[in-house]
Structures are given as structure tokens and as C-alpha cells.
Amino acid sequence: MRNYILSIAAATALLSCDIDKTQSTELPEVDVDVETEAGQLPEFDVDWADVNVGTRTKMVEVPKVVVVMEEEEIEVPYLDVDMPDDYEDGEKMERSLMIAAEVQGKAHDIEIQEIRASQSKLYVIATLEEMDEDLGDKTMRVQDQIEINAPDLDVHYIIVGKKPARTFNNQYMYVNTMNDLNDKVSNAKVIYNR
């Protein structure tokens, strides 16, 4: 309690006095002449693993796909399209409208069912169906095509069926059923029907 009373008394004394600065502060000047020698940092020798980079021959399993393409004469559908006279780019050219899918597990069949047209757009609609044949660990690519003689048109490919889990298949739009086609496609004029 005594310390408490002394603290209050000291605080009262400081608060009750008036302090005026009469002279500025100046630090003393010191002249020091020091000689130094360069110091030395410690050095460390760290031993770590030696790493040698190179190649070595080893037997590993590498997936290989061998595709044999043979040319055969077969009947393919052919469309000759004459656009209205007011169509700007009326020069026709022949080309293939080809749609394909890459599948695993079971063999599949793909067939172009319809081609629909709206203004300068063509919609190539194919079905992809799973077959009974087991492919084992092999990958199979199935395709269908139609030949067309027409001006340069904007072609969209749509596959009706379950999308196989292969990167190749990302280039096409997949829908579950024909009823899932959007309004632009549904309302387009059917120009080919298998």
C-alpha cells in the first residue's frame, strides 16, 4: 500500500510542475581510430549423393495401335446440293462428311442417320450403338461418311449415344436421344435420311 501512495505522490508532483526547455541537446564528439583485419566466414564441405544421368535398356509393356487401312470400292451416299441463287458463295466442291468414334471394351457401330440444313449450316447426325463383341484391352475406331457436292457450308457433327471416355471423342457433340437435339437442329430441314 505504501508503494501505491508513493506512486500517486510522484505522479502528482510531476503533473503539478511546469517544465520549460532552456537549452538544446548536443552529443559529445568522439574521435576513434580503429584498425581492423578482414574476418573469415566458416566454410562447409557437404557430402551428398552423386547423381549420374543416363539411359538403360529395359523390357516394358508399351501400348501399340496398328491400324491397317485398305482401299475398297463400296457404295457411299452422295448428296449434290444446289443453293438458292442469292447464296453468296455458290461455288461447289466435293468433299467427305466423316464422323468417327474411338471406343474400348465392346465393339460399336456408327451410322449417319440424317443430315439437316438451316441457312448455311449442315448438321450431320449419327447414332453410336454398342455391339456384343468384346474388344478386350484393344481400342477401336469406327466411322461413317457421306460424299457431298456443295458450296462451303458450316458443318456440325452430332452423335446420338453414350460418349466413350476417349480424348478423340471430344471433337463431336453427344446427345442421349434424338429428342435431346436443340431447337436449331430440330427445326432444320432434313435433306438426307438413311
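Side-chain atoms of I115 and K189, non-hydrogen and from C-beta on, never get closer than 4.5 Å to each other. Annotation: side chain of D80 is in contact with side chain of K92 (closest heavy-atom distance under 4.5 Å). Side-chain contact between L128 and P164 is present, with heavy atoms from C-beta onward closer than 4.5 Å. Between V142 and M140, the closest side-chain pair of non-hydrogen atoms falls below 4.5 Å.
If you chain together hydrophobic residues whose side chains sit under 4.5 Å apart, M173 and M178 fall into the same group. Follow the hydrophobic side-chain contacts under 4.5 Å out from I99 and you never reach Y123; the two are in separate clusters.
Across all non-hydrogen atoms, the minimal contact from G105 to D134 is O-OD1, 2.8 Å. What you find for I159 and A100 is that their closest heavy atoms are CD1-O, 4.0 Å. Nearest heavy atom pair, residue S118 against residue A188, reads CB-CB, 3.9 Å. For the pair Y192 and P77, the tightest heavy-atom approach, listed with the atom from each and the gap, is OH-CG, 3.4 Å.
The main-chain N or O of N179 is found under 3.5 Å from a side-chain atom of T177 such that the two form a donor-acceptor pair. The backbone N or O of L153 lies less than 3.5 Å from no partner atom in the side chain of S120, so there is not a single donor-acceptor pair. The main-chain N or O of I112 is found under 3.5 Å from a side-chain atom of D144 such that the two form a donor-acceptor pair.
Residue pairs meeting the salt bridge (charged side-chain N to carboxylate O under 4.0 Å, His left out) criterion with at least one member in residues 163-185, sequence neighbours excluded: E102-R166. Applying the salt bridge (charged side-chain N to carboxylate O under 4.0 Å, His left out) test to residues at least two apart or on different chains, the pairs with a partner in residues 109-126 are E111-R194, E114-R116.
In this structure, the separation between CD1 on I110 and NE2 on H108 is 10.0 Å, given to the nearest 0.5 Å. To the nearest 0.5 angstrom, L135 atom CG is 8.5 Å from Q104 atom CD. Rounding to the nearest 0.5 angstrom, the gap separating the CG atom in L79 from the CD1 atom in I191 is 5.5 Å. Considering CZ of R141 and CD of Q143, their distance stands at 8.5 Å, rounded to 0.5 Å.
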- Task: Take V155 and L97 through the side chain to side chain contact (heavy atoms under 4.5 Å, CB included) test and state the conclusion after the steps.
- Result: CA-CA 8 Å; V155 181; L97 300 179; 4.0 Å; yes

- Message: One pair to check against side chain to side chain contact (heavy atoms under 4.5 Å, CB included): I158 and L181. What are the steps and the verdict?
- Response: CA-CA 9 Å; I158 302 168; L181 296 172; 3.8 Å; yes

- Hey, mind stepping through N169 and Y174 against side chain to side chain contact (heavy atoms under 4.5 Å, CB included) and telling me if it holds? CA-CA 9 Å; N169 300 312; Y174 281 77; 3.5 Å; yes

- Task: Let me see the working for I146 and Y78 under side chain to side chain contact (heavy atoms under 4.5 Å, CB included), right down to the final yes or no.
- Result: CA-CA 6 Å; I146 290 181; Y78 178 83; over 6 Å; no

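By the 30° and 60° cut-offs, the orientation of the rings of Y172 relative to Y157 is perpendicular.
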